[in-house]
Amino acid sequence: MTDEITIASGAKSGRLFDPTNSIATVDKMLDRFFETARVEAVYGSPVQNGDTMVIPSAEVFSGMGFGVGTGGALGKDTADQGIAGGGGGGGGGSVIARPVAAIVITPNSVRIEPIVDVTKIALAALTAVGFMIGMMARMKGKSVPRLRNS
Amino acid sequence: MAASFIRFETRTLPIIAGNQRIVLQARALQIRLPFGGFVWNRPAIVRVRSADGRNCVLMVRDVTRLAQIALLALGIAGSILIGFTMRNSIRR
């Protein structure tokens, strides 16, 4: 004889974790998160120095993810009147901003001054050199004749 | 349906500097999924309109990113070239 098991929902005593509220909260947080797609997130406040105005600009990456889960059962067996259930959720996100250029505005002209990150360029150069050295080492290893077990 | 999850937008912000009207333009790529999302927002163009009516368009170039891509492409191309060259010399 199999026990008939139903999942309790709405009952006060047997209320399990309801993900509906969590999903609504996640939606609200995502709406605020997508506000980083505004122009104001990329261009900073202008800085005035005499006749010259400087506007900084940056590249913005942002990512966010959430997960929720629930599970449970309400036993109808007379021997088992307990309610088992559980739920949980988690999430995370990251925002990275990197300066790109400064817009310099004078009464006579507007020019864009790029911001060069020497550290990143040096790392890219080292990575490129590493690729080439690795390939050379691999090809040199192939050129060595292998000793066969006699 | 897929279009609502992925959006590529161009947004502008006009400012007045002296007798010049400047429009700052940014491009944003948004990917929105049921339980997460991703936004990539970057400066694109600066449009300048001076008092005498002249228009000027300036591109905001990311020099660091261009240098990174160029160096990595050089590394990959160099590795492939080294591989072909040394393989031919081994075969001889």
Side-chain angles (χ1 to χ4, degrees), chain A residues 23 26 30 33-43 46 51 53 55 57-68 91 93 95 98-101 103 105-112 114-118 120-121 123-125 127-132 134-136 138-140 142-143, chain B residues 7 9-13 15 17-20 22 24-44 46-48 50 56 58-87 89-90:
Chain A
I23 292 171
V26 166
L30 280 176
F33 167 75
F34 278 100
E35 287 177 7
T36 55
R38 297 176 297 121
V39 179
E40 290 82 0
V42 170
Y43 293 103
D51 290 339
M53 180 189 292
I55 302 173
S57 65
E59 184 182 43
V60 179
F61 290 99
S62 44
M64 185 175 275
F66 290 92
V68 292
V95 180
R98 184 178 62 85
V100 171
I103 300 158
I105 303 167
T106 58
N108 300 324
S109 67
V110 177
R111 66 179 192 276
I112 295 176
I115 296 172
V116 181
D117 191 339
V118 179
K120 287 188 186 292
I121 293 173
L123 285 172
T127 305
V129 170
F131 274 147
M132 288 189 274
M135 180 58 80
M136 283 175 66
R138 187 179 174 190
M139 297 311 291
K140 276 197 173 176
K142 281 187 178 179
S143 67
Chain B
R7 292 166 67 180
E9 295 181 341
T10 301
R11 300 187 182 182
T12 58
L13 177 67
I15 59 170
N19 57 357
Q20 299 174 85
I22 297 164
L24 305 173
Q25 190 171 312
R27 291 206 180 103
L29 172 65
Q30 300 179 49
I31 297 176
R32 182 164 183 164
L33 299 171
F35 283 97
F38 168 78
V39 175
W40 178 32
N41 200 358
R42 66 197 187 281
V46 176
R47 296 179 193 275
V48 182
S50 56
C56 179
L58 302 170
M59 301 288 293
V60 181
R61 287 197 170 83
D62 191 346
V63 173
T64 304
R65 180 59 51 81
L66 289 172
Q68 281 180 307
I69 292 170
L71 284 167
L72 288 174
L74 189 68
I76 291 170
S79 303
I80 293 170
L81 192 64
I82 289 170
F84 277 130
T85 307
M86 293 186 76
R87 184 181 296 176
S89 64
I90 289 167

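In what follows, every chain begins at residue 1, and chains take the letters A, B, ... in the order their sequences are listed.
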Rounded to the nearest 0.5 Å, what separates atom CD1 in I76(B) from atom CE in M132(A)? 10.5 Å
Applying a strict 4.5 Å limit to non-hydrogen atoms, the region of V46(B) in contact with chain A is side chain
Looking at C56(B), A26(B), A28(B), which one has more heavy-atom pairs under 4.5 Å with chain A than the rest? A26(B)
So what's closer than 4.5 Å to chain A heavy atoms on L33(B): side chain, backbone, both or neither? backbone
Considering non-hydrogen atoms only, spot the tightest contact between T12(B) and V39(A) and give its length. N-CG2, 3.6 Å
Might you point out which heavy atoms bring A17(B) and I105(A) nearest each other, and give the distance in Å? CB-CG2, 3.8 Å
Looking only at G91(A), A125(A), G93(A), the option with the highest number of non-hydrogen pairs under 4.5 Å against chain B is A125(A)
Nearest heavy-atom pair of G75(B) and F131(A): which atoms, and what distance? O-CB, 4.1 Å
Here the gap from W40(B) atom CH2 to F61(A) atom CZ, rounded to the nearest 0.5 Å, amounts to 6.0 Å
Using a cut-off of under 4.5 Å on heavy-atom pairs, state which of I69(B), L74(B), V60(B), T10(B) scores highest against chain A. V60(B)
So, for Y43(A) and Q25(B), which heavy atoms are closest and what is the spacing to 0.1 Å? OH-O, 2.8 Å
Heavy-atom distances under 4.5 Å only: say whether V39(B) touches chain A with side chain, backbone, both or neither. both
Any side-chain heavy atom of Q20(B) within less than 4.5 Å of one from V110(A)? yes
Do the side chains of I15(B) and I55(A) get nearer than 4.5 Å, heavy atoms only? yes
Which bit of E9(B) comes within less than 4.5 Å of chain A, counting heavy atoms only: side chain, backbone, both or neither? neither
Heavy-atom pairs under 4.5 Å with chain B are the metric here; pick the option from A41(A), A101(A), A58(A) that has the most. A58(A)
Nearest 0.5 Å, what's the CZ-CG distance between R38(A) and N41(B)? 9.5 Å
How about L71(B) and T127(A): do any of their side-chain heavy atoms sit closer than 4.5 Å? no
Nearest 0.5 angstrom please: M135(A) CE to T85(B) OG1, how far? 10.5 Å
Note: I112(A) and M59(B) closest approach over all heavy atoms is CD1-O, 3.5 Å
Under 4.5 Å from a heavy atom of chain A, the part of R61(B) involved: backbone
Flag the pair L58(B) / I103(A) as yes when at least one side-chain heavy-atom distance between them is below 4.5 Å, and no otherwise. no
Which heavy atom in E40(A) sits nearest to a heavy atom in L13(B), and how many Å separate them? OE2-CD1, 3.7 Å
Option that, when pairs with chain B are counted at under 4.5 Å, heavy atom only, ranks first among M136(A), M53(A), R111(A): M136(A)
Just wondering, do D62(B) and R98(A) contact through their side chains at under 4.5 Å, heavy atoms? yes
Sort I31(B) into side chain, backbone, both or neither according to what part of it lies under 4.5 angstrom from a heavy atom of chain A. backbone
